[in-house]
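Read the structure below first, then the notes.
Please read these numbers as outputs of a predicted model, since none were measured by experiment. Whatever order the structure lists ligands and atoms in, that order sets their numbers, starting from 1. This chain uses plain numbering: 1 for the first residue, then up along the sequence.
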Amino acid sequence: MGQNLVEKLISSHLVEGEAVAGSQIAIRIDQTLLQDALGTMACLQFEAMGLTKPQTELSVLYVDHNTLQTGFENADDHLFLQTFCKRYGLYFSRPGNGICHQVHLERFGRPGRSLLGSDSHTPTGGGLGMLAIGAGGLDVAVAMGTGSYRLTMPGVIRVLLKGRLQDGCAAKDIILEVLRRLTVKGGVGYAVEYAGEGVETLSVYERATITNMGAELGATCSVFPSDAQTLRFLQAQGREDQYIPLTADEDARYAKTIAIDLSALEPLVAAPHSPDNVKPVSELSHIKVDQVCIGSCTNSSYADLMRAAHVLKGRQIHPGVSLTISPGSRQVLTALAENGALAHMIQAGARILECTCGPCIGVGQAPKSAGVSLRTFNRNFERRSGTADAQVYLSSVETAVATALRGTITSLQDICPTPQIDLPQRFVVSDNLLIYPDPDPETEIVRGTNIKPFPMFEDMPGNLQGKVLIVTGDDVTTDHIMPGGADVMRYRSNIPHLSQFCLVRCDPDFPETAKKYGGGIIVGGENYGQGSSREHAALAPVYLGVRAVIAKSFSRIHKANLINSGIFPLEFANPADYNSVKKLDDVSIPDLLSKVEQGLPLEAQIGGNTVPLKLSVTPWEQQVLLAGGMVRFIKNHG
Ligand code: MIC
Ligand code: SF4
């Protein structure tokens, strides 16, 4: 029997286990990606685990999230990261060089290679035929130090693309259609593989938009074949020698297949407050928009911004709209500056921002009160923009630029034909904001006062007792658990301070309640912890004394982060029991540790009821939990 592309990529990296869906495997990691918002903590953990040398082909650390520098904290973190890279031999991408996923695609992405990144949108690399997976910073630190990563072999969903996109439609509409059909939970436990004749009509940039937002499906990764489009992209980057063709076998099998006729797609948007709340643009044309933001790791490539510039040329944005454009990388910005496209944007009234995440993570450009913002980003979770009552819609660049001109949600078909953009034969490749590895073990790592050592937590008690500190609803995101935004993000290397913001978006009293009762447990609904890979959403709760979360189900990355932090991710054996739990109920889980060790059934007493629980973890994860988290585990076992 033949193999699908995901199976091929995994088999060629397998170091433990069998590439059969559901089984526990370990894979070799060729490349790692860290970004500043998770990287500082990951570096502290790398040191705390006693690791000393990257075992990967290449490891890169990007400064792209925390670049606002409203105080000394971010700049201190940058220096810490730069000196860490120097000491241990990592590439360091300086602030201003661009958003990690865009720069990685341009400079390091390579078909057939594996990449583990401490950012949930690392699967962007799948657009280049990579096995690219997102994880928490700690998992990336371990992969960097040991060269391998453990995961559950995903099942594979095939998305068969037929036909070709019509005028006004874009790659973003393809992934929005997939989200509409599968929802934000639909990819959990799966990888998504794109196939069919429609694939060859999509450039690497368009493919990367699609694989990027596979994160919103909860999928382990998404991947496209490596073909003539891949070669063309690598040529433009001066890296054609790294091309290899990759495709699934004809008789490959899939867990399921969904087919999308590209010719029948219409422009779509994700309405507030979830990327799967997808609606046709045609239904929303009455909505007046205050702000349009073009950028983020989903839609800030050369092709995206050139299309925007062509449409803006000689036109003026609507007086009621503020249009921001954040180029994905310095390479993109340089190309736009050189060919004059930047001038068209500026003259049309666009506000040009730095090549960083910026508004996507609530760092600047918060909309006005109850403002409507249409963004080419990947997440529109409530409050993520920085304005509590803002209404954020997600769309393609085509729809965004048309909307900026009209002032209401508009399809580009109503303004002009979609401009066709060709890649330059060769981009101007300049790596002068990339510091190449040149390890020097004598380098002093400079730690600013905001950088607190990685906290080592207390031993897990044999019997877990306490209060239910909060009961959340379904689909709670890590943005709820540990908010982004400039005010909070600059404390990413300071868990004690950060813990004061923990879960305040669900319950402003959460940190106080946790302190008052000396910790306790969190109760969650379905898909608890979806979204970002930030392990701070586990480290802050554990700092506040939370040692178990009981939920109906968990998202993949957050569950791994809980385990790494020594928090038990327990599930209701009967999801209906969730309904009877109330805030401040007494909870006890007697003999938790010994029962887990002996594989005995688990149950909790919650508010006088007996509630059967499940712990679905691998034998390795069980050991990590029993050791009190990954840092202790690695320290003890090497
Ligand atoms: C995000 O988009 O939410 C982030 C900020 O890039 C996160 C990473 C982080 O929280 O540091 C992600 O996607 O994993
Ligand atoms: Fe940055 Fe936004 Fe992409 Fe996260 S989703 S990496 S914040 S641009």
Side-chain angles (χ1 to χ4, degrees), residues 33-42 61-68 74 77 81 93 95 98-105 116-125 132-140 175 208-209 211-216 218 275 293-301 304 324-329 332 353-365 375-381 383-386 392 394 477-486 488-493 498 501 529-540 555-558 560-561:
L33 170 163
L34 289 167
Q35 40 86 332
D36 52 347
L38 281 174
T40 322
M41 195 44 69
L61 198 151
Y62 295 90
V63 177
D64 56 355
H65 285 64
N66 282 331
T67 58
L68 193 59
N74 290 342
D77 280 5
L81 295 171
S93 176
I99 305 175
C100 54
H101 308 303
Q102 178 67 26
V103 178
H104 207 87
L105 203 66
L116 192 74
S118 73
D119 190 283
S120 60
H121 292 103
T122 305
T124 310
I133 301 175
L138 183 48
D139 277 329
V140 179
I175 186 63
T209 294
T211 50
N212 173 282
M213 269 190 94
E216 276 52 67
C293 300
I294 297 179
S296 91
C297 56
T298 320
N299 276 121
S300 59
S301 66
D304 276 328
T324 71
I325 300 182
S326 324
S329 69
V332 173
L353 306 182
E354 238 196 320
C355 305
T356 56
C357 302
C360 176
I361 186 59
V363 175
Q365 308 304 324
R375 302 173 160 212
T376 66
F377 306 167
N378 47 35
R379 292 186 171 144
N380 59 345
F381 303 144
R383 294 169 180 238
R384 182 173 160 102
S385 66
V392 177
L394 306 175
T477 71
T478 47
D479 275 80
H480 290 95
I481 307 171
M482 204 60 258
V488 181
M489 297 254 293
R490 62 181 152 136
Y491 297 110
R492 281 288 180 89
S493 46
L498 208 59
F501 302 92
Q530 67 156 327
S532 138
S533 63
R534 62 190 73 151
E535 61 206 324
H536 304 76
L539 292 172
S555 81
R556 178 185 69 88
I557 302 180
H558 187 58
N561 285 339

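For the pair D64 (side chain) and C100 (backbone), a donor-acceptor distance under 3.5 Å is present. Although no hydrogens or angles enter the test, the distance criterion places a donor-acceptor pair under 3.5 Å between the side chain of R492 and the main chain of A37.
Under 4.0 angstrom from ligand 1, the non-hydrogen atoms of I361 all belong to its side chain. Contact annotation for E535 and ligand 1: no heavy atom of the residue comes within less than 4.0 Å of the ligand. Only side-chain heavy atoms of H65 come within less than 4.0 Å of ligand 2; its backbone N, CA, C and O stay farther off. When non-hydrogen atoms are compared, ligand 2 lies under 4.0 Å from neither the backbone nor the side chain of D64. With a heavy-atom cut-off of 4.0 Å, N378 touches ligand 2 through its side chain alone. Looking at Q35 against ligand 1, only its side chain comes within 4.0 Å, counting heavy atoms.
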TODO: Could you walk me through whether H101 and Y62 pass side-chain hydrogen bond (donor to acceptor under 3.5 Å, both in side chains), step by step?
DONE: CA-CA 9 Å; H101 308 303; Y62 295 90; over 6 Å; no

TODO: For the pair V488 and L498, evaluate side-chain contact (heavy atoms from CB on, under 4.5 Å) and give the outcome as yes or no after the intermediate values.
DONE: CA-CA 7 Å; V488 181; L498 208 59; 3.7 Å; yes

Task: side-chain hydrogen bond (donor to acceptor under 3.5 Å, both in side chains) evaluation trace for H558 with S555 - done: CA-CA 6 Å; H558 187 58; S555 81; 5.8 Å; no

TODO: Kindly determine whether T376 and N299 satisfy side-chain hydrogen bond (donor to acceptor under 3.5 Å, both in side chains), including the steps that lead there.
DONE: CA-CA 6 Å; T376 66; N299 276 121; 4.6 Å; no

TODO: Any chance you could lay out the side-chain contact (heavy atoms from CB on, under 4.5 Å) test for D77 and D36, step after step, and finish with the verdict?
DONE: CA-CA 8 Å; D77 280 5; D36 52 347; over 6 Å; no

Task: S120/Q530 under side-chain contact (heavy atoms from CB on, under 4.5 Å): CA gap, chis, key distance, verdict - done: CA-CA 10 Å; S120 60; Q530 67 156 327; over 6 Å; no

- [ ] Please assess H536 against M489 for the test side-chain contact (heavy atoms from CB on, under 4.5 Å), listing each intermediate value before the final yes or no.
- [x] CA-CA 10 Å; H536 304 76; M489 297 254 293; over 6 Å; no

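Annotation: S118 places no N or O atom under 3.5 Å from an N or O atom of ligand 1; distance criterion only. Between S533 and ligand 1, at least one N/O pair is under 3.5 Å apart.
Not a single N/O/S atom of H101, whether from backbone or side chain, sits less than 2.8 Å from atom 3 (Fe) of ligand 2. Using a cut-off of 2.8 Å, one finds that C357 contributes an N/O/S atom close to atom 1 (Fe) of ligand 2.
Heavy-atom contacts of H121 reach the following atoms of ligand 2: 5 (S) (cutoff under 4.0 Å). Within ligand 2, the atoms closer than 4.0 Å to a non-hydrogen atom of C360 are 2 (Fe), 5 (S), 7 (S), 8 (S), numbered from 1 in the order shown. Taking every non-hydrogen atom of H121 and a distance limit under 4.0 Å, the qualifying atoms of ligand 1 come out as 13 (O). Of all the atoms in ligand 1, the ones that sit under 4.0 Å from a non-hydrogen atom of R379 are 1 (C), 2 (O), 3 (O), 12 (C), 13 (O). Ligand-side atoms of ligand 2 in range of D119: 6 (S), range being under 4.0 angstrom from any heavy atom. Counting the atoms of ligand 1 from 1 in the order shown, those under 4.0 Å from a heavy atom of L38 are 11 (O). Close contacts of ligand 1 with D119, meaning ligand atoms under 4.0 Å from a residue heavy atom, involve 4 (C), 6 (O), 7 (C), 8 (C), 12 (C), 13 (O), 14 (O). Atoms of ligand 1 found under 4.0 Å from any heavy atom of A37 (numbered from 1 in listed order, with element): 11 (O).
Residue R492 places a heavy atom less than 4.0 Å from ligand 1.
Within the set G117, S120, G484, the minimum heavy-atom distance to atom 13 (O) of ligand 1 is found for S120. Of the options M482, H101, H65, the smallest heavy-atom separation from atom 4 (C) of ligand 1 is shown by H65.
For atom 8 (S) of ligand 2, the nearest non-hydrogen atom of the protein is C297 N, 3.3 Å. Nearest protein neighbour of atom 2 (O) of ligand 1, counting heavy atoms only, is R384 NH2, 2.8 Å. Nearest to atom 10 (O) of ligand 1 among the protein's heavy atoms is R534 NE, 2.7 Å.
With respect to T298, the side-chain hydrogen bond (donor to acceptor under 3.5 Å, both in side chains) criterion is satisfied by exactly one of T209, N212, T211: N212.
With a 4.5 Å cut-off on side-chain heavy atoms, Q35 and H104 do not count as touching. Counting only heavy atoms from C-beta outward, the side chains of P275 and M213 approach each other to under 4.5 Å. R375 is not listed as a side-chain neighbour of C360, based on a closest heavy-atom distance of 4.5 Å or more.
Comment: R534 engages D479 in a salt bridge, judged by a side-chain N to carboxylate O separation of less than 4.0 angstrom.
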